[in-house]
There are 2 protein chains.
Amino acid sequence: MATIKDVAKQAGVAVSTASYALNGTKKMKQETKERVLQAARELQYQKNGVAMDLKKSKTKTIALILSDLTGPFYSELIRGVQEEVLEKKYDLLVCSSYGNESSTAAKFLREKRADGVILLAHNISDDFITESARTGFPIIVLDRVLPEKEALTSITVNNYKGGYEATRHLLEKGAVSAACIHGPINSSDSQERLSGYEQALQDSGLKKDSKWILNGSFTHEGGYQATKILIHQGDLPNAVFYANDEMAIGGLEALKESGLNVPEDIAIIGFDDIQLAPYLQPPLTTMRHPKYEMGKLASHVIFQVLEGQPVKSHYTLETEFINRESVSKQ
Amino acid sequence: MATIKDVAKQAGVAVSTASYALNGTKKMKQETKERVLQAARELQYQKNGVAMDLKKSKTKTIALILSDLTGPFYSELIRGVQEEVLEKKYDLLVCSSYGNESSTAAKFLREKRADGVILLAHNISDDFITESARTGFPIIVLDRVLPEKEALTSITVNNYKGGYEATRHLLEKGAVSAACIHGPINSSDSQERLSGYEQALQDSGLKKDSKWILNGSFTHEGGYQATKILIHQGDLPNAVFYANDEMAIGGLEALKESGLNVPEDIAIIGFDDIQLAPYLQPPLTTMRHPKYEMGKLASHVIFQVLEGQPVKSHYTLETEFINRESVSKQ
DNA sequence: CTGTTAGCGCTTTCAA
DNA sequence: TTGAAAGCGCTAACAG
């Protein structure tokens with residue numbers, strides 16, 4: 001592998017000259033430049049970016065760490081982040097936190113391989129994150145609120161309110177009983193949505209019934225299974241609030257299999273508004289999670305910090321009610 | 001930001017000693033080690049991974065470059081790649097080729113920021129890829145066959161055969177006319193699937209009709225629109241072959257909106273077998289693209305090359321027919 | 001068991 | 001306009 005030194009030698013110039021020629025900075029005799037470029041071509045020279053990053057103490061890279069690289073939810077988030085990052089002429093790297101704190105994620109959090117990190121990974125502990133943030137190395141966390149610390153920013157959505165409003169809508173449209181299929185118990189997103197649901201029930205003078213509160217793990221399959229259980233219990237509620245759309249899709253499936261019509265026999269509402277939601281049969285009424293905006297904001301904030309601008313330590317985004325046909329046909 | 005030098009000074013030892021202590025390599029007096037670790041803690045020392053990579057001339061990282069970070073198709077591919085990569089104690093980075101040859105992708109292809117690259121990005125040109133591959137820097141291309149070159153490997157699926165079999169199935173189940181909604185014209189995957197379709201038509205003595213060959217851009221929306229056009233043309237075929245499942249989902253939507261029943265009124269078959277396919281109504285019959293296997297193979301091959309083992313320059317994977325209910329109910 | 005030292009490949013001041 | 005040289009932070013001979 002040819003280095004810049006080889007190129008310089010071949011061209012009969014000093015390394016510094018070669019560097020100038022290769023990077024197009026600085027004015028120089030056209031001929032010298034040509035000679036260097038020619039030498040580089042002959043030697044098939046490729047710059048070593050690692051050496052450059054080290055020298056410059058800057059990587060011009062933002063890392064986005066996700067607990068799961070897949071799933072419909074992340075698409076829009078990534079898009080939001082990517083747009084901002086590219087605009088700033090930075091690069092975006094996505095990596096997984098699979099393997100917890102010995103994962104690739106850790107390398108990026110700890111080893112200065114990126115200039116900043118945006119994190120949506122429930123399997124990385126609060127402490128690990130907090131210890132990684134340091135002056136000049138911003139971390140934006142998207143799924144929890146962390147104690148205030150320099151260079152550490154939280155962005156969350158108002159899940160509680162979203163869950164509350166979703167449930168209220170069910171009740172306002174005539175349901176007198178509503179189940180809730182929630183996500184993993186260690187997910188604060190799910191917990192808050194569930195709290196909103198419970199509060200809405202209470203505010204309507206309904207008491208919660210544990211047989212109607214089931215765990216669907218935030219997955220399609222989980223939603224399907226939980227709904228099956230609901231059905232097999234015999235005593236079906238008028239409506240169900242799925243704490244995310246993926247579970248609602250699974251649930252819809254289960255409902256159809258049992259010959260139940262949505263929304264006539266049972267109303268359902270989801271959460272997130274994933275791309276597929278409008279294409280379901282019936283189109284899914286849901287609380288939209290501002291994924292794209294969250295990505296945009298996260299990258300905006302990260303550059304603010306990088307540029308030394310002051311930022312808040314916690315931002316909250318609101319959900320938006322999306323009315324379609326799974327609760328009631330207009 | 002504290003460096004290893006600071007740690008050494010604080011602990012009153014040489015940098016090398018600090019390095020040994022920090023990396024746990026080499027046996028050393030427990031007390032010295034403790035002293036170094038303590039100093040590191042006090043100074044909040046974090047190693048600089050970039051410097052380490054430079055020194056070692058190795059990043060222990062594989063980059064996966066995709067033209068689009070999102071979409072259901074990639075999930076399984078990523079999973080396949082990730083499993084192998086992590087098992088080898090390497091890290092996996094995913095980045096987008098958005099912005100073509102000035103993108104993040106280019107940095108990884110050209111600047112030694114990873115030890116190898118797996119590429120599925122139609123917007124990076126053949127030449128650019130070929131010029132990037134070099135001894136000791138393997139590149140695995142997943143969407144085309146490139147001229148033989150050291151360190152350059154192609155893995156493709158037999159799209160032609162897949163398209164052929166999909167169409168044959170339609171015809172065998174009674175269709176006497178079949179449309180094809182294909183993907184982008186610069187996608188060789190799409191082109192080959194289309195060729196397979198045409199050959200199957202011909203082998204059955206049917207002649208192809210350009211009004212039944214439409215571009216759906218491999219997207220949900222594109223499939224929906226193309227199908228609308230098909231319907232509005234008035235003369236509907238008995239069946240349609242969608243060159244990917246996403247378009248089939250859009251198409252199914254359009255068909256339902258027009259009151260057409262699948263498969264009674266019109267049979268449809270997809271390609272890829274994305275996660276959602278079995279959950280559609282009716283469950284989608286499709287040709288399964290071995291995404292997971294492709295990811296597995298790609299990473300297997302990349303490590304073979306890295307370890308100096310010989311590999312073929314081109315691997316082909318076969319598709320698999322998945323019978324569900326969108327062509328005919330059993 | 002620990003310290004000294006030579007780079008990894010590059011950018012960038014400073015001097016010529 | 002070009003060259004010499006320092007040094008980014010780290011690892012790993014090699015010497016002691």
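Just so it is clear, the values below take in all heavy atoms, side chains as well, and ignore hydrogens, waters and symmetry mates. Since the model is a prediction, treat every value here as computed from it, not as a measurement.
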Trainee: Considering only distance and modelled atom types, tabulate donor-acceptor pairs under 3.5 Å from the side chains of residues 43-52 of chain B, sequence neighbours left out.
Mentor:
| unit_1 | atom_1 | unit_2 | atom_2 | d |
| --- | --- | --- | --- | --- |
| B:K47 | NZ | B:N23 | OD1 | 3.3 |
| B:N48 | OD1 | B:V50 | N | 2.9 |
| B:N48 | OD1 | B:A51 | N | 3.0 |

Trainee: Could you run down the sub-3.5 Å N/O contacts of the protein with nucleotides 7-9 of chain C?
Mentor:
| unit_1 | atom_1 | unit_2 | atom_2 | d |
| --- | --- | --- | --- | --- |
| C:dG7 | N2 | B:K55 | NZ | 2.9 |
| C:dG7 | N3 | B:K55 | NZ | 3.3 |
| C:dC8 | O2 | B:K55 | N | 3.4 |
| C:dG9 | N2 | A:A51 | O | 3.4 |

Trainee: Could you state the CD-C1' distance from B:E111 to C:dT11, rounded to the nearest angstrom?
Mentor: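 Rounding to the nearest Å, CD of B:E111 and C1' of C:dT11 are 14 Å apart.
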Trainee: Have A:T153 and A:H314 got a donor and an acceptor in their side chains that come within less than 3.5 Å?
Mentor: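 Looking only at side-chain atoms, A:H314 and A:T153 do not form any donor-acceptor pair under 3.5 Å.
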Trainee: Scan for salt bridge (charged side-chain N to carboxylate O under 4.0 Å, His left out) pairs involving residues 295-304 of chain A, sequence neighbours excluded, and state none if there are none.
Mentor: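 Only A:E83-A:K296, A:E84-A:K296 qualify under salt bridge (charged side-chain N to carboxylate O under 4.0 Å, His left out).
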Trainee: Provide, to the nearest angstrom, the distance between the OH atom belonging to B:Y20 and the P atom belonging to D:dA12.
Mentor: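 Value for this atom pair: 8 Å.
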Trainee: Check the distance between D:dA13's P and B:N23's CG and give it to me in whole angstrom.
Mentor: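 That distance rounds to 14 Å.
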Trainee: Filter on salt bridge (charged side-chain N to carboxylate O under 4.0 Å, His left out), then keep only pairs touching residues 307-317 of chain A, sequence neighbours left out; what's left?
Mentor: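 Only A:K88-A:E307 qualify under salt bridge (charged side-chain N to carboxylate O under 4.0 Å, His left out).
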Trainee: Kindly calculate the angle separating the two end axes of the helix from C:dC1-D:dG16 to C:dA16-D:dT1, each obtained from five base pairs, and round it to 10 degrees.
Mentor: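 Here the helix ends are tilted 40° relative to one another.
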Trainee: Over all strands shown, is A:D53 touching base, sugar-phosphate only, or nothing at heavy-atom distances under 4.0 angstrom?
Mentor: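 Nothing, no nucleic acid heavy atom in range.
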Trainee: Name all pairs fulfilling the salt bridge (charged side-chain N to carboxylate O under 4.0 Å, His left out) condition that reach into residues 109-124 of chain A, sequence neighbours left out, sorted by first residue then second.
Mentor: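 Those involving residues 109-124 of chain A are A:R110-A:E131, A:E111-A:R113, A:R113-B:D53.
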Trainee: Taking atom types as modelled and ignoring hydrogens, do the side chains of A:E42 and A:Q38 form a donor-acceptor contact shorter than 3.5 angstrom?
Mentor: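 The answer is yes; a qualifying pair exists.
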Trainee: Considering residues at least two apart in sequence or located in another chain, which fulfil the side chain to side chain donor-acceptor pair (under 3.5 Å) criterion with A:N159?
Mentor: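 Checked A:N159 against side chain to side chain donor-acceptor pair (under 3.5 Å); matches are A:D189, A:R193.
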Trainee: To the nearest Å, how far apart are B:D6 CG and D:dC10 C1'?
Mentor: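 Whole-Å distance recorded here is 13 Å.
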Trainee: What is the distance, to the nearest angstrom, from the CE atom on A:M28 to the C1' atom on C:dT12?
Mentor: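 Value for this atom pair: 14 Å.
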Trainee: Round to the nearest Å and state the distance from B:L22 atom CG to D:dA12 atom P.
Mentor: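 Going from B:L22 (CG) to D:dA12 (P), I get 13 Å.
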Trainee: So B:V50, base contact, sugar-phosphate only, or nothing? Heavy-atom distance under 4.0 Å.
Mentor: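 Nothing: the residue B:V50, judged by heavy atoms under 4.0 Å, touches no strand.
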Trainee: Under 3.5 Å, sequence neighbours excluded: what are the donor-acceptor pairs made by side chains of residues 135-145 of chain A?
Mentor:
| unit_1 | atom_1 | unit_2 | atom_2 | d |
| --- | --- | --- | --- | --- |
| A:T135 | OG1 | A:E150 | OE1 | 3.3 |
| A:R144 | NH1 | A:I124 | O | 2.9 |
| A:R144 | NH1 | A:D126 | OD1 | 2.6 |
| A:R144 | NH2 | A:A121 | O | 2.8 |
| A:R144 | NH2 | A:I124 | O | 2.9 |

Trainee: Write out all pairs satisfying ring pair (Phe, Tyr, Trp, His ring centres under 6.0 Å) with one or both partners inside residues 83-114 of chain B, taking only residues at least two apart or from two chains.
Mentor: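 Every ring pair (Phe, Tyr, Trp, His ring centres under 6.0 Å) pair that includes a residue of residues 83-114 of chain B, provided the two are not neighbours, is B:Y90-B:F303.
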Trainee: For C:dT4, does the base pair up with any side-chain atom of B:S16 as donor and acceptor (N or O, under 3.5 Å, distance only)?
Mentor: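 Looking at the base of C:dT4, it does pair with a donor or acceptor on the side chain of B:S16 (distance under 3.5 Å).
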